[in-house]
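Notes follow the structure.
As the structure is a computational prediction, the values presented were derived from the model and not from experiment. Throughout, protein chains are lettered first and strands after them, A, B, ... in sequence-line order, and every chain is numbered starting at 1.
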Number of protein chains: 2
Amino acid sequence: MDISEVRERIVVTADELYNAKGIQAVGMDELRSAAGVSLKKLYGEFPSKSSIVMAVLEHRHQSWTEGLDATVQQARTPRDRLLAIFDYLAGWFCQDSFRGCGFINSFAELGAVSPEVAEYARKHKESFQEYVGRLALEAGAPAYLAPQLAILAEGAQTTAAIAGTSDAAGQARQAAEVLIDAALPAD
Amino acid sequence: MDISEVRERIVVTADELYNAKGIQAVGMDELRSAAGVSLKKLYGEFPSKSSIVMAVLEHRHQSWTEGLDATVQQARTPRDRLLAIFDYLAGWFCQDSFRGCGFINSFAELGAVSPEVAEYARKHKESFQEYVGRLALEAGAPAYLAPQLAILAEGAQTTAAIAGTSDAAGQARQAAEVLIDAALPAD
DNA sequence: TTGCATTGAGAACGAACGTTCTCTACTATG
DNA sequence: CATAGTAGAGAACGTTCGTTCTCAATGCAA
């Protein structure tokens, strides 16, 4: 078994557990047994729990960004690509494992106590805002539109997480449609 | 010193500490010394930490709701009352102590592990949605507007918290204006 | 086969936490 | 003044957690 396979299995398992129960609620022993590795191997791959947390955040960022972009690229027009953001959210919210945005959650849990985590969450959200900004630019929208759509997406995530339903995705999508049509030059 | 004074002081202190550092990062001893009470008194007033957490959530709900309504009631027209929600957020985000919505944070921290906390966060958000719904009804808006505005407000909170700026309040307010004007019968 | 390096299982350790207990000092009443 | 009850300070307890250590088992080279 490859070394990087072990790393990946640890990170993927930790991602699932941290998402399901919260980071602080999952001990190293639970992670160890869920990932099927020895404690020695765990600490051979990662020097500490917080380094696993950071690796999980990187993993989350990558898979979330890729999933979003995959959905967005299926849309044909710039306008539809902006709306596709909310289609991606809708699919995400319907998953049983959905428990809210992992970056919002980790920021809430550890942001006040771990500058690394807070900074990574900030960067993730910043990268999302830039992504929306690029899509909006391609749609010929004014600069103020992208932050508005990003805020809608953020709100949909927390609303869906706490309410336990996926309604917020559709509601945010409809709001986005109004905002986009108000911002785009009529054509 | 009145018994209820002690309770209140404990709750207020716990609210501040939990907000600043996260619930799990604040131990009973830190709370005890910050509130200036003995451990015996602490456990005389509350049977456990989780009961303090629930009392803090109730306190947060009440002060947040009252603060919001106070700002909203200063506005004269129904439309301005809807927009006043975002003025309240703007003022809140500028406070040094602002670290995001306490209900989102406590849900992220404990929601997966404590059904009480998850349920209380759900109820708080539900109550906010109903509040927005009443304001929207008074403005003569269609039913779909209120959830849209609520999602904007949620998104502004998490965006402001993670980004560390208060920009999101103004951005959300402008989006709200567009949504309101699109939804309200022209007059 | 013998000896050495590596690995896994889990015991052990130190710290932190929630909670309870002990002991001392003080207060109030007879 | 004497005494019973109360309250505060903090020691103590049991548990959990992150991390390290021990030791036996395994695989491999000579």
Is the cationic atom of A/R32 (NZ for Lys, CZ for Arg) positioned less than 6.0 Å from the six-membered ring centroid of A/Y43 and within 45 degrees of its normal? no
Row check, A/Y120 ring normal vs A/R60 NZ/CZ: under 6.0 Å, within 45°: no
In this structure, how many angstroms lie between the P atom of C/dT7 and the CG atom of A/L42, rounded? 14 Å
Rounded to whole Å, please give me the gap between CD1 in B/I23 and C1' in C/dC17. 15 Å
Neighbours of DNA chain D within residues 24-40 of chain A, by heavy-atom distance under 4.0 Å: A/V26, A/G27, A/M28, A/L39, A/K40
Validation: residues 153-162 of chain B side-chain donor-acceptor distances under 3.5 Å, sequence neighbours left out:
from	atom 1	to	atom 2	distance (Å)
B/E154	OE1	B/K125	NZ	2.9
B/E154	OE2	B/K125	NZ	3.3
B/Q157	NE2	B/A153	O	3.3
B/T158	OG1	B/G155	O	3.3
B/T159	OG1	B/G155	O	2.7

Do any N or O atoms from the side chain of B/Q24 and from the backbone of A/E109 form a donor-acceptor pair under 3.5 angstrom? no
Does any part of the side chain of B/H61, heavy atoms only, come nearer than 4.5 Å to the side chain of B/S127, both counted from C-beta? yes
Donor on one side chain, acceptor on other, B/Y18 and B/N105, under 3.5 Å: no
Going by number, which of residues 14-22 of chain B have a non-hydrogen atom under 4.0 Å from DNA chain C? none
Quick one: is C/dC17 close enough that its OP1 or OP2 comes under 4.0 Å of any side-chain N or O from B/K49? no
Once you measure the plane-to-plane angle for B/F98 and B/F93, does it fall in the parallel (<30°), tilted (30-60°) or perpendicular (>60°) bin? tilted
salt_bridge(B/E126, B/R122) N-O dist < 4.0 Å: yes
